[in-house]
Amino acid sequence: MSQLSDISQQILACQKCGLSTTRTRAVPGEGTEKAAIMFIGEAPGWHEDQQGRPFVGPAGKFLDQLLGSIGLDRGQVYITNVIKCRPPANRDPLPREIQTCRAWLDRQIELIQPKIIVALGRYSLALFFPNATMSKAHGKAQRRDNIIYYAMYHPAAALHQQSLRRTIEADMLKLPELLSQAEGVAQAKPEPEQLTLF
Ligand code: URA
């Protein structure tokens, strides 16, 4: 078993917080251990809790379309959430739940070593940049510890709001260029100057 699968098994059995008593299934995440891009959402919703897979409801269908717009599918990236279990009635995650669950995400990041972390939504953004706001940070990148952090609105927020939808679609289209910078392909353009910092 790969180390990432081992972490997933441990997450499935996790009882570190009260969400373990209300969840149907924990949702560790899915994708490839070799992912260059890791997408981190907020928390599983109803569909995810039922299936044990991230982003499989309406927001997930939209995320699939967004990935498709840059020629990717979920098998080529890694998708997970800030917290791995659904909060009852989809309430916002509590600070102590986020803190308790953080060790799992840190372990996943350590193992995958993504070149780019895409923070989907404000909870994910706040984990890495507590003072950033999505309205200012979206579509921009910040390099830290050899990882490029990139912020995007949450697909659920953009799903029913036309202007946000156009924004998230446009932000997604910037990812391939960022990835080629991260991989050093775009050598004609030195990296740090290419990043639009938030
Ligand atoms: N919203 C999220 O943040 N994550 C999911 O997995 C599904 C919906």
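Note that the structure is a prediction, hence the values are computed from the model and not measured. First listed ligand is number 1; within each ligand, the first listed atom is number 1.
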Test side-chain contact (heavy atoms from CB on, under 4.5 Å) on Y123 and I98 and set out the steps.
CA-CA 9 Å; Y123 282 92; I98 295 173; 3.7 Å; yes
Would you indicate which of G60, A43, G41 comes nearest to atom 5 (C) of ligand 1 when only heavy atoms are counted?
A43
Determine whether E169 and F62 satisfy the following criterion, side-chain contact (heavy atoms from CB on, under 4.5 Å), listing intermediate values before the conclusion.
CA-CA 10 Å; E169 285 168 350; F62 185 34; 4.0 Å; yes
Ranked by distance from atom 4 (N) of ligand 1, the top protein heavy atom is N81 OD1, 2.7 Å
Side chain, backbone, both or neither: the part of E42 lying under 4.0 Å from ligand 1 by heavy atom
both
Main-chain N/O of L127 paired to R102 side chain as donor or acceptor, under 3.5 Å
yes
Rounded distance [0.5 Å steps], CD1 in I116 versus CG in L178:
4.0 Å
Side chain, backbone, both or neither: which part of H47 has a heavy atom under 4.0 Å from ligand 1?
neither
Is there a donor-acceptor pair closer than 3.5 Å between any side-chain N or O of Q76 and the backbone N or O of D73?
yes
Centroid-to-centroid, F129 to Y149, below 6.0 Å?
yes
Answer with side chain, backbone, both or neither: which part of A156 has a heavy atom less than 4.0 angstrom from an atom of ligand 1?
neither
Hydrophobic cluster identity match, L105 and I112, side-chain contacts under 4.5 Å
yes
Any R53 heavy atom less than 4.0 Å from ligand 1:
no
What atoms of ligand 1 come within less than 4.0 Å of a heavy atom belonging to H154?
1 (N), 2 (C), 3 (O)
Looking only at distances, please establish whether an N/O atom of ligand 1 is found under 3.5 Å from an N/O atom of P54.
no
Taking N or O atoms only and a 3.5 Å limit, does A59 qualify as a polar contact for ligand 1?
no
